[in-house]
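So that the names make sense, note that chain A is the first sequence line, chain B the second, and so on, each numbered from 1.
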Amino acid sequence: MTREGVRPNGFTYSIILTAQPAVSPFQVHAHIIKTNYEKSFSVGTALLNAYVKKGILDEAAKVFELIDEKDIVAWSAMLAGYAQIGDTEGAVKIYRQLTSEGVKPNEFTFSSVINACTAPSAAVEQGKQFHACSIKAKLNNALCVSSALVTMYSKKGNIESASEVFKRQRKRDLVSWNSMICGYAQHGHTKKALEVFKEMRRQDLEFDGITFIGVITACTHAGLVDEGQQYFDIMVNEHHIYPTMEHYSCMVDLYSRAGMLEKAMDIINRMPFAASATVWRTVLAACRVHRNIDLGKLAGEKLISLQPHDSAIYVLLSNMYAATGHWQERARVRKLMNDRKVKKEAGYSWIEVKNKTYSFLAGDISHPQSNQIYSKLEELSTRLKDAGYKPDTSYVLQDIDDEHKEAILSQHSERLAIAFGLVATPAGAPLQIVKNLRVCGDCHTVIKLISKLERRDIVVRDTNRFHHFKEGLCSCGDYW
DNA sequence: ATGTAGGATC
C-alpha cells in the first residue's frame, strides 16, 4: 500500500495493530509518529493496547500521555494495562484521574479496575469499594463486571461474597459459570463446584476447556481421583474438547498429589506434548511429600534444565534431599544454586488490619508492635504445648539442632502475621492471611489449634489454594 | 471501516 503511494489513515493503524498474530508495535509506532497520528484517541488506544499485550507498560503509558482528548475507551485501555500486570495502585490512580476529569466509567472500566484488585497485595476493602461504585453507576450487573467480582472476591478469600454475586445474577454466560466453578475449586469447596457444574448440565449449557480445568481442580483438592479422571474423559469423549497442556497438568496434579506417581508418569509419557515446567514442578512437589527420591531427582533435573533461574526448583529439590537425609546431594544442589547466582525467594505473609496491609518475613522484627507480637507468640507457644502440640521439625531443612529448629518454626511469617492479627483486632474477628509460598505442615497444625484456642476463623491463602481454619479444623481436610 | 472487558492448573 505504501509502495503504491497510498497514505495510511487512522483506520489503517487501528486495524493493523489488532491483527493476529500481533505485529511489532515498535514498527507501527514509527509510522504513526511519521504521519502524525500520535494524538488520535483511536490510534493511540490501539497502540497502547498493543504495548500492553506485549507487557511493555512504560511504553504504553507514554503513548497514553500523548493522546489529545482521552475518552473512556482510552482510559479503560490504560487501566486494563495496569490490571494485567497486577499493579493495583497504578490502576486505582488511573481510575481516580478519569473520574476527577469528569469522564464517566463504563462496564469495561469497572471490570478492569476490579480485576486489578485481585492482586495478592491488594486490600480486600479496595475491591469492595469498586463494587460499591459499580452499583452506584448501575453497571454491577454487566456480565464482565459480575464475573470480575466473583473472581475478585474468591481470590481475596471471600467465597461467600463471590457466591452471593453469582446467585444474584439474572443473566449469565460461560465466563460467569466458569468464574464460580474455579472460585469454589480454589477454596476446596469441591461439592459446590460440582453442583454448579451439574446445574450447567441441567440447563444444557455449553462448556469449554476452562470449565473442566475448574472441575478437575476441584476434584484434585479433595483427592477425588476417579471422579477427576471421569470428568477428563467426559470432556474429551462427550464434549469433544481437545485437552491442552493445562489439562494434562491438572491430571498430573490430580494423580501425583494423591501419591499415585506412576500413574502421573504414565500421563506424562503418553500425552501429545513435551511436559512443561509446570508439570515437572507438580511432580517434584509430590515427590517431596511422598518421599519418592528417584522420581524427584528426575523431575528436579528436568526442571533445572528448563528453568535454570527459578529459585523455587532448587529449593524444592534440596528440601527433598534434606528431608530424606541425602545431605551430599543436597550440598550439590546448593552449590549449583550458588554457582548460578540463583537467590531463594523469601517467604512473606500479609495481613490486612483496618484497611492497611502489613507484611512479615520469617523472624521479622521490623514491625513497630514487634514486642507485642513476640509476647503473643510466647503465650501461644505455652498454650499450644498444653493442648498437646509437638513441633514437627522435619519441616525445617537446615542441618541444625532441634531446639533451633523449633525456634525457626515458631517465627515463620504466617505465625507473625497471625499473632499481629490477634493483638490488633477485637476478640472473635476473623483473620485473613496471604502467603507467597506454600504453608508448611507444622504451621498448618498450629493454625488449626490457634483457631480453636483463640476462637477465630482464620483464612490463609497460599500459592495453591485457600485454607479455612475454624474450631481446630481446616477446610482442606489436611489434604493439600 | 478502527481503539477498551470478565473465567485456567503449579
Side-chain angles (χ1 to χ4, degrees), chain A residues 8-19 37 40-50 52 63-64 67 70-81 83-84 98 105-116 118 139 142-152 154-155 165-166 172-183 185-186 207-221 228 243-254 256-257 275-286 299 303 307 310 312-313 316 438 462-465:
Chain A
N9 66 10
F11 292 106
T12 322
Y13 292 128
S14 310
I15 291 165
I16 204 159
L17 282 165
T18 50
Y37 272 100
S40 148
F41 59 74
S42 56
V43 174
T45 305
L47 182 59
L48 89 82
N49 193 44
V52 163
V63 172
F64 176 69
I67 298 175
K70 303 177 180 67
D71 67 353
I72 189 58
V73 181
W75 283 105
S76 300
M78 194 62 245
L79 186 42
Q84 202 196 279
L98 76 92
N106 64 16
E107 66 270 40
F108 295 88
T109 324
F110 282 116
S111 158
S112 289
V113 78
I114 290 163
N115 184 22
T118 59
L139 289 168
L143 284 173
C144 63
V145 177
S146 297
S147 44
L149 283 169
V150 169
T151 303
M152 185 275 293
S154 65
K155 288 218 162 128
V165 171
F166 179 75
R172 296 184 188 127
D173 65 2
L174 180 59
V175 177
S176 323
W177 292 93
N178 285 352
S179 311
M180 195 67 254
I181 292 176
C182 293
Q186 209 180 10
F207 314 117
D208 69 0
I210 297 175
T211 319
F212 285 95
I213 289 198
V215 168
I216 298 167
T217 312
C219 294
T220 300
H221 285 161
T244 61
M245 189 68 230
E246 286 75 17
H247 292 103
Y248 287 107
S249 297
C250 290
M251 293 307 288
V252 169
D253 193 24
L254 176 74
S256 50
R257 222 182 271 230
S276 65
T278 305
V279 170
W280 289 119
R281 200 189 309 268
T282 305
V283 174
L284 178 56
L303 263 172
Q307 295 187 333
D310 187 339
I313 300 165
L316 266 172
R438 261 180 72 160
D462 69 8
T463 45
N464 270 0
R465 59 168 290 160

To the nearest Å, give me how far apart [atom1] ([X]) and [atom2] ([N]) are.
| X | N | atom1 | atom2 | answer |
| --- | --- | --- | --- | --- |
| Ile67(A) | dT2(B) | CD1 | C1' | 13 Å |
| Met245(A) | dC10(B) | CE | P | 14 Å |
| Leu47(A) | dT4(B) | CG | P | 12 Å |
| His221(A) | dC10(B) | NE2 | C1' | 10 Å |
| Asp71(A) | dA5(B) | CG | P | 13 Å |
| Ile16(A) | dG3(B) | CD1 | P | 13 Å |
| Leu79(A) | dA5(B) | CG | P | 10 Å |
| Phe212(A) | dA8(B) | CZ | P | 17 Å |

Practice item. Taking atom CD1 of Ile16(A) as the centre, report whether more than 12 heavy atoms of other residues, nucleotides or ligands fall under 6.0 Å from it. Key: no
Under 4.0 angstrom between [X] side-chain N/O and [N] OP1 or OP2:
| X | N | value |
| --- | --- | --- |
| Asn49(A) | dG3(B) | no |
| His247(A) | dC10(B) | no |
| Lys155(A) | dG6(B) | no |

Under 4.0 Å between any heavy atoms, over every strand shown, what does [X] touch: base, sugar-phosphate, or nothing? Just pick one.
| X | value |
| --- | --- |
| Ser14(A) | base |
| Arg257(A) | sugar-phosphate |
| Ile15(A) | sugar-phosphate |
| Thr18(A) | sugar-phosphate |
| Leu174(A) | base |
| Glu246(A) | base |
| Ser179(A) | sugar-phosphate |
| Ser249(A) | base |
| Leu149(A) | nothing |

Revision key, fill the gap. Across all chains, not counting sequence neighbours, the salt bridge (Lys or Arg N to Asp or Glu O under 4.0 Å) partners of Arg257(A) are Asp253(A)
Practice item. Return the set of residues passing salt bridge (Lys or Arg N to Asp or Glu O under 4.0 Å) with Asp310(A) (not counting sequence neighbours), or none when no residue passes. Key: Arg281(A)
Check your understanding: Can Ile72(A) and Leu98(A) be said to form a side-chain contact (heavy atoms from CB on, under 4.5 Å), step by step?
Key -> CA-CA 8 Å; Ile72(A) 189 58; Leu98(A) 76 92; 3.9 Å; yes
**Study point:** Side-chain donor/acceptor of Ser147(A) to base of dG6(B), under 3.5 Å
**Key:** yes
Exercise for review: May I have the step-by-step check of side-chain contact (heavy atoms from CB on, under 4.5 Å) for Asn115(A) and Met152(A), ending in yes or no?
Suggested key: CA-CA 6 Å; Asn115(A) 184 22; Met152(A) 185 275 293; over 6 Å; no
Using the side-chain heavy atoms of [X], tell me which of these nucleotides is nearest: [options].
| X | options | result |
| --- | --- | --- |
| Ile213(A) | dG6(B), dT4(B), dA8(B) | dA8(B) |
| Asn9(A) | dG6(B), dT4(B), dA1(B) | dA1(B) |
| Cys182(A) | dA8(B), dT9(B), dA5(B) | dA8(B) |
| Phe41(A) | dG3(B), dT9(B), dG6(B) | dG3(B) |
| Thr282(A) | dG3(B), dA1(B), dC10(B) | dC10(B) |
| Val73(A) | dG6(B), dT4(B), dC10(B) | dT4(B) |
| Ile210(A) | dA8(B), dG6(B), dA5(B) | dA8(B) |

Review point. Between the side chain of Asp208(A) and the main-chain N/O of Thr211(A), is any donor-acceptor distance below 3.5 Å?
Key: yes
Revision key, fill the gap. Interatomic distance, CZ@Phe11(A) vs OH@Tyr37(A), rounded to 0.5 Å, equals 9.5 Å
Practice item. Check the geometry between Phe108(A) and dT4(B) and answer yes if their rings are stacked (centres below 5.5 Å, planes below 30°), otherwise no. Key: yes
